Amino acid sequence: MLTYFQAMVIGAVQGFTELFPISSLGHSVLVAAWLGGRWGALPGQGGTDSAATYLAFVVALHVATAVALVIYYWRDWYAIAAGFVEMVRTRRLDTVPQRLAWLIVIATVPVAILGPLLEHPLHDVFAAPLCAAAFLTVNGVVLVVGEGLRRRNEPTLAEYGRRFALNQAGSRMRTATTLSLPQSDRRLAALDSRDAVGIGLAQAGALLTGFSRAGLTMVGGLWRGLEHEHAAKFAFLLATPAIFGAGIVDLPDLITPRAEVIWGPIIVGAVVSGVTSWLAVRYLERYFRTRTLLPFAAYCVIVGVVSIVRFG
């Protein structure tokens, strides 16, 4: 039985770690395993009722994070939604919001296909603490590789201008959307469809317990030449539909009779997760203006290796 205190602790851990590039699901497993006792029995394994119930709880925490992201980026999402409607109506990609809407749709396709097929089987197989620790270690290595890729693949200003030149003259979208987005979003709009697919495939790697959705998506963005703050923002925007989609797919797990027994802790944990997620994205948006992924990489490797020794 999941208690209110456990729900609050795990909700806080999930809220911070979902957006930090250090794997929320991996920490949900490892924190429970390190605390042991009744905590260690929470995640469950092998498709058991305990595993299904805990996964339903984690899904609720993730949905709370998505809600927090929508609230934090509500201006961006308003502009992007308006751009999407205009894109569908005109079948054109003339403005930053239209481009961003298209890129988010394209980048979401890989996880939309792979998530429903692989999420539950992969969680059943790799929910063990040792597996989570091993993947967390590899996640740290991937973050280091991502930093190296950025230095190699950062496009020049000339390439940026060639790939996407926004002409606002006479645009009917100017007042409604273009001016409501910061100028930095022009850099995101410079991505092309191949970039979006590559970043989306990177995000799908987070289906493995121990890999970070935000971390892998940021590495994909750095690989395509984005700066850290732009890669982080695109990761947070891209995470929102992916998390909501996972919540819809896993909705049956939340309404089973077994899940109803812990509705109270689920709601409390979700509220805590939402609040901590909002605080996390506010901090990280400022952090990545001047800093890199390397501190998070070191953390993942150290915690992962120590956990491998502990549970190996």
Side-chain angles (χ1 to χ4, degrees), residues 13-31 33-34 107 110-111 114 122 126 128-156 159 184 187-188 191 194-239 242 280-281 283-312:
V13 170
Q14 196 281 330
F16 281 117
T17 57
E18 174 66 26
L19 300 179
F20 280 72
I22 56 176
S23 179
S24 62
L25 188 55
H27 276 75
S28 295
V29 172
L30 289 175
V31 168
W34 272 100
V111 74
L114 297 175
L122 290 176
F126 297 114
L130 182 59
C131 292
F135 287 137
L136 183 65
T137 304
V138 178
N139 183 77
V141 175
V142 171
L143 297 183
V144 175
V145 172
E147 288 293 335
L149 289 175
R150 179 190 177 273
R151 293 181 176 87
R152 290 184 55 188
N153 297 331
E154 183 174 11
T156 64
E159 181 184 357
S184 61
R187 183 62 192 88
L188 294 181
L191 296 172
R194 291 174 299 177
D195 296 330
V197 171
I199 295 172
L201 288 172
Q203 178 184 230
L207 294 171
L208 290 168
T209 303
F211 281 103
S212 164
R213 182 196 311 275
L216 294 181
T217 308
M218 281 195 65
V219 167
L222 296 177
W223 169 54
R224 300 314 302 156
L226 293 178
E227 296 178 5
H228 291 88
E229 62 175 312
H230 301 148
K233 182 172 183 178
F234 192 65
F236 299 150
L237 291 175
L238 190 57
V281 69
Y283 170 78
L284 289 172
E285 190 177 59
R286 298 177 181 178
Y287 173 91
F288 283 119
R289 291 174 186 171
T290 57
R291 301 179 186 178
T292 72
L293 289 167
L294 293 180
F296 302 108
Y299 169 85
C300 289
V301 171
I302 292 172
V303 172
V305 171
V306 171
S307 297
I308 289 174
V309 174
R310 168 65 177 81
F311 301 111

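The first residue in the sequence is number 1, and the count goes up from there. Quantities reported herein were computed from a predicted structural model and do not represent experimental measurements.
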*Asks:* Excluding sequence neighbours, so at least two apart, what forms side-chain contact (heavy atoms from CB on, under 4.5 Å) with Ser23?
*Replies:*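 Once residues adjacent in sequence are excluded, the partners of Ser23 under the side-chain contact (heavy atoms from CB on, under 4.5 Å) criterion are Leu136, Ser212.
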*Asks:* If you define the side chain from C-beta out and look only at heavy atoms, does anything of Val145 sit under 4.5 Å from Val219?
*Replies:*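 Answer no - side chains too far apart.
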*Asks:* For residues 295-310, which side-chain donor-acceptor pairs fall under 3.5 Å, sequence neighbours excluded?
*Replies:*
from	atom 1	to	atom 2	distance (Å)
Tyr299	OH	His27	NE2	2.8
Ser307	OG	Trp34	NE1	3.1
Ser307	OG	Val303	O	2.8

*Asks:* Any chance you could measure Ile22, atom CD1, to Phe211, atom CZ, to the nearest 0.5 Å?
*Replies:*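 Separation between the atoms: 15.0 Å.
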*Asks:* Less than 3.5 Å apart, which donor and acceptor atoms pair up between the side chains of residues 197-204 and the rest of the protein, not counting sequence neighbours?
*Replies:*
none

*Asks:* Would a distance-only check, ignoring hydrogens and angles, find a side-chain to backbone donor-acceptor pair under 3.5 Å from Asn139 to Pro21?
*Replies:*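 Yes, Asn139 side chain to Pro21 backbone: donor-acceptor pair under 3.5 Å.
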*Asks:* Sequence neighbours excluded, which residues qualify as side-chain contact (heavy atoms from CB on, under 4.5 Å) partners of Val281?
*Replies:*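 side-chain contact (heavy atoms from CB on, under 4.5 Å) check on Val281 returns Leu19, Leu69, Tyr72, Tyr73, Phe236.
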*Asks:* Got a sec, which pairs hit salt bridge (charged side-chain N to carboxylate O under 4.0 Å, His left out) with one end in residues 198-214, sequence neighbours left out?
*Replies:*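 As it turns out, the salt bridge (charged side-chain N to carboxylate O under 4.0 Å, His left out) pairs with a partner in residues 198-214, which skip direct neighbours, are Glu18-Arg213.
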*Asks:* Would a 4.5 Å heavy-atom cut-off, applied to side chains only, mark Lys233 and Glu227 as touching?
*Replies:*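 Of all side-chain heavy-atom pairs linking Glu227 with Lys233, none is under 4.5 Å.
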*Asks:* Side chains of Leu294 and Leu143, heavy atoms from C-beta outward: is any pair under 4.5 Å?
*Replies:*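 No, every pair of side-chain atoms sits at 4.5 Å or beyond.
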*Asks:* Considering non-hydrogen atoms only, spot the tightest contact between Ala214 and Phe20 and give its length.
*Replies:*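 Closest pair (atom of Ala214, atom of Phe20, distance): CB-O, 4.5 Å.
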*Asks:* Could you note down all residue pairs passing salt bridge (charged side-chain N to carboxylate O under 4.0 Å, His left out) where residues 288-302 supplies at least one of them, sequence neighbours left out?
*Replies:*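 Pairs touching residues 288-302 that pass the test: none.
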*Asks:* Nearest 0.5 Å, please: how far is CG in Asp195 from CG in Leu188?
*Replies:*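 Here the rounded value is 11.0 Å.
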*Asks:* Verify, without hydrogens or angle tests, whether Tyr287 (side chain) and Thr292 (backbone) share a donor-acceptor contact under 3.5 angstrom.
*Replies:*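 Such a contact is found between Tyr287 side chain and Thr292 backbone.
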*Asks:* With rounding to the nearest 0.5 Å, note down the distance linking CE in Met218 to CG in Leu238.
*Replies:*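 So the CE of Met218 and the CG of Leu238 are separated by 13.0 Å.
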*Asks:* So do the side chains of Leu222 and Leu293 get within less than 4.5 Å of each other, counting heavy atoms only?
*Replies:*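 A side-chain contact exists here, since the closest heavy-atom pair is under 4.5 Å.
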*Asks:* Which pair of non-hydrogen atoms, one from Ala231 and one from Leu226, has the smallest distance, and what is that distance?
*Replies:*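 Scanning both residues, the minimum pair turns out to be CA-CD1, 3.9 Å.
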